[in-house]
Amino acid sequence: MEQKKLEYANEKIHIPIIVPATIAILLLLAGAIASLYVMQERYLTSNTNELINAAEKSFYGQLNKDAVSICGIMDFVKEDRQLQNIWLSQDRQLLLNYSEPIFKKIESKYDITHFYFHSMDKINFLRVHQPARYGDTIDRFTLTNAANDKKICWGIELGPLGTFTLRVVEPWYINGSLTGFLEMGKEISYIMPEINKTFQIESFHIINKTYLDKTQWQQGMKMLGFNGNWDAFQDYAAIDYNSSDLQGAMTKIIAHPHNQHKKMLFESRIKGRDYYVGFVSLIDAGGRQVGDIVIMKNITPEKTTIRIFTLIIAVFGSIIGGLLLTLFSLHVRRIERKLSSTYAELRGEINKRKNTQEQLHRAYEQMEGKVKERTTELSDEIAVRKKAEDALINLNSQLERTIKKLTAANYELEEFTRITAHDLKSPLRAIGSLAGIMHTDYGEKLDPQGRELLDIIIARSIRMDKQLSGVLRYSEIHRGSEQEQAVDLNILLHQMVNDFAVPADIEVIIENQLPVILCEIDLIKQLFECLLNNAVKFMDKPKGWIRIACSEQEDFWKFKIEDNGPGIDNKYFDKIFKIFHKLSRSDEFESTGIGLAIAKKIVEEYGGRIWVESEISKGSTFLFTFSKKHACMEKQTSTEKVSNFQK
């Protein structure tokens, strides 16, 4: 079996690898070229459509601009009082003599080609541009709509000669009465040449033959000097159209109904050049679609660029693909040679492996006997270990029972402390109250020593009550995760300092940004109250200061509260954190001796430790840490979040 594998491995492997790789590279190259070509075509089509839309907006925008300009001219003309009087007199010759200079002026300055005066019944009274023609009824949409709506109407009108004229008709009111209509117009043939030049396109007009008379239209084209082709298309006559090369393609496209071909963009080749051809609808004043402006965009340069770019990609892709295949083929052949050498080495290794297997078999038989001996020895060791494990299990069970008993005892001790402190407060308060009553009612009957004793009893009762309250607070310090919330220490300490009523000769300074921690707000307030109260209470300098700072370590926050008070002897550093331990006499400072013990217990609840550094007469620094595992919140500024305890 191994020999067959070696013989198979010696076969040539580069042919079955190179052939599929070559096909894959060719397919990828063809796909890339096709994708690039399609993307370029889509871009060119999109760009041409945008160009046609821009030309359409420019065309109708220019019409609107010209109409507004004509309206301004008409407003000026109709306010001429002398012209009004002549119109009211209905003297045609006098009206012509007066209005003809006006027409020549606006014709030369504004390209106005038509100037009419119409009567109320839409009969032309005077054509200033053609005074010989008058008396005919005008049935154009612009005049009809102006007469019906009694307001200005404008739009393009298709004339009998096949030309489009922008016409503006305005009712003429004189002294508040409608006396007739003024009409001005201008040929729009100048618009598209300007648009062609602006957008670098070519164009011509096609007009629906339904709205034309062939004889009149052909005569009009000759008279006006336009190049018209009546037979270019089945349903449309073409203006300014010379290229017979486009006729076949255009005939097929324009054969579609207008609502279809107006949205079409097709490609055609004219006299050796490539064009994209699209349509802009010609809508007259009556809302009729009477024809189209055929827009032709020469895309020969873009097409040439696409072909050249595609050819370059194909050539470079072929070169790179050929190089890759050559390198791949050389690499595969090198692998073939290495495999042949490796197979020769494998044959030698197989023979060695057979010899080794025989040696291993003999060694296995020898080892089997030794294993049996060792198994017997291990059985004895397992029995001994089993006894040890059983003993360890018993010890663990005893330890769990002991822990439960200790937990229960600790709970009972806390309950006893709480109940005892609570029960002692009632008689203690009664003693204090009775002593107070005696001092009030019988103080004058007692000698000074008696009154002093009563004062001592009252003071000691108050101090004992405070100590019992401290014991209660100490016994009730336990974390409750359901009561924990995000506390911004920046806001909390500023509030505490404001509420603490620090004396004016002591300055409290928060040196740097404090963190936001997850904790019980009552516990953290007790902690800082104890430390701030000690610093304020024992301050012996005429101008004191208290500095609060925090530094962030990898696993904890380190807080520092420093003052310039009397300082503490280092032999008391450990004792001051024990309950009821005080460095001063009870009658010198009002103190319960339990504040620092409470602070120590709160810090330890949050996985930290508390200690003091001090020099006599120079001040003290209380330091404590908070474990991030127990009170982990992301550090942030007080302006970024409002602490939950404010809500």
Side-chain angles (χ1 to χ4, degrees), residues 59-161 163-191 282-288 290:
F59 176 75
Y60 283 103
Q62 186 62 44
L63 289 179
N64 186 67
K65 181 180 178 182
D66 288 345
V68 172
S69 176
I70 293 172
C71 287
I73 295 170
M74 294 176 68
D75 287 340
F76 177 77
V77 171
K78 72 179 183 180
E79 296 300 325
D80 189 323
R81 296 301 300 175
Q82 188 170 354
L83 183 64
Q84 290 178 358
N85 293 330
I86 295 172
W87 169 250
L88 292 174
S89 70
Q90 293 292 293
D91 187 330
R92 183 177 290 105
Q93 187 59 45
L94 187 59
L95 182 62
L96 175 61
N97 294 338
Y98 188 81
S99 59
E100 191 171 25
I102 297 174
F103 172 66
K104 289 181 179 180
K105 184 176 180 180
I106 62 177
E107 181 183 26
S108 62
K109 190 173 182 179
Y110 301 105
D111 296 324
I112 302 298
T113 57
H114 299 73
F115 188 9
Y116 300 84
F117 291 89
H118 303 300
S119 62
M120 295 281 292
D121 52 2
K122 299 194 296 182
I123 295 175
N124 175 251
F125 183 78
L126 174 64
R127 286 178 173 86
V128 182
H129 57 288
Q130 289 180 337
R133 293 181 57 206
Y134 62 89
D136 53 323
T137 300
I138 306 300
D139 58 357
R140 288 191 291 268
F141 291 109
T142 48
L143 180 56
T144 301
N145 293 336
N148 292 336
D149 299 335
K150 301 298 186 295
K151 62 182 181 180
I152 296 175
C153 179
W154 68 271
I156 58 174
E157 298 269 12
L158 177 62
L161 301 181
T163 59
F164 287 96
T165 304
L166 173 63
R167 298 182 181 275
V168 180
V169 180
E170 183 173 358
W172 193 3
Y173 288 89
I174 300 175
N175 299 325
S177 300
L178 181 62
T179 61
F181 300 91
L182 283 175
E183 179 180 344
M184 291 186 184
K186 64 189 298 185
E187 301 293 340
I188 65 170
S189 57
Y190 73 95
I191 296 179
L282 284 171
I283 309 298
D284 70 358
R288 302 177 305 174
V290 295

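Note that the structure is a prediction, hence the values are computed from the model and not measured.
Remark: Ser89 engages Ile86, Asp91 in a side chain to side chain contact (heavy atoms under 4.5 Å, CB included) (not counting sequence neighbours). Remark: Lys150 pairs with Tyr173, Leu178 by the side chain to side chain contact (heavy atoms under 4.5 Å, CB included) rule, at least two apart or across chains. Arg92 is linked by a salt bridge (Lys or Arg N to Asp or Glu O under 4.0 Å) to nothing, counting only residues two or more places apart in sequence or in another chain. Not a single ring pair (Phe, Tyr, Trp, His ring centres under 6.0 Å) links Trp154 to another residue, sequence neighbours left out. Residues passing the salt bridge (Lys or Arg N to Asp or Glu O under 4.0 Å) test with Asp136 are Arg127, sequence neighbours excluded. Residues forming a salt bridge (Lys or Arg N to Asp or Glu O under 4.0 Å) with Asp75 (at least two apart in sequence, or on another chain): Lys78.
Residues Ala146 and Val169 come closest through the heavy atom pair CB-CG1, 3.7 Å. The two residues Ala285 and Gly155 have their closest heavy-atom pair at CB-CA, 3.8 Å.
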*Could you please spell out the steps behind the side-chain contact (heavy atoms from CB on, under 4.5 Å) verdict for Met184 and Val77?*
CA-CA 11 Å; Met184 291 186 184; Val77 171; 4.0 Å; yes
_Please evaluate residues Thr142 and Glu157 with respect to the criterion side-chain hydrogen bond (donor to acceptor under 3.5 Å, both in side chains), reporting the C-alpha separation (whole Å), side-chain torsions for both, the decisive distance (0.1 Å), and the verdict._
CA-CA 8 Å; Thr142 48; Glu157 298 269 12; 3.1 Å; yes
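Trp172 and Phe117 have tilted rings, their planes meeting at an angle from 30° to 60° on a 0 to 90° scale. Between His114 and Tyr116, the angle of the ring planes stays under 30°, which puts this pair in the parallel group of the 30/60° scheme.
To the nearest 0.5 Å, atom OG1 of residue Thr163 and atom CD1 of residue Ile188 are 9.0 Å apart. Taking CG of Asn124 as the start and OG1 of Thr137 as the end, the distance is 9.5 Å to the nearest 0.5 Å. Note that NZ of Lys186 is 5.5 Å distant from CD1 of Ile112, once rounded to the nearest 0.5 Å. Asn64 CG to Ser69 OG: the interatomic distance, rounded to the nearest 0.5 Å, is 11.5 Å. Rounding to the nearest 0.5 angstrom, the gap separating the CD atom in Gln84 from the CD atom in Gln82 is 11.0 Å. With rounding to the nearest 0.5 angstrom, the CG atom of Leu96 is 5.5 Å from the CG atom of Leu126.
Contact check for Leu166 versus Ile70: side-chain heavy atoms found under the 4.5 Å cut-off. No side-chain heavy atom of Glu107 sits less than 4.5 Å from a side-chain heavy atom of His129. With contacts defined as side-chain heavy-atom distances shorter than 4.5 Å, the pair Thr144/Lys122 qualifies. Side-chain contact between Leu83 and Leu95 is present, with at least one heavy-atom pair separated by less than 4.5 Å.
A donor-acceptor pair under 3.5 Å links the side-chain atoms of Asn85 to the main chain of Arg81, judged by distance alone. Between the side chain of Asp149 and the backbone N or O of Lys151, no donor-acceptor pair lies under 3.5 Å.
Within 6.0 Å of OH on Tyr98 lie more than 12 heavy atoms contributed by other residues, nucleotides or ligands.
Evaluated for a ring pair (Phe, Tyr, Trp, His ring centres under 6.0 Å) with Phe125, the options Tyr134, Phe181, Trp87 yield exactly one hit, Trp87.
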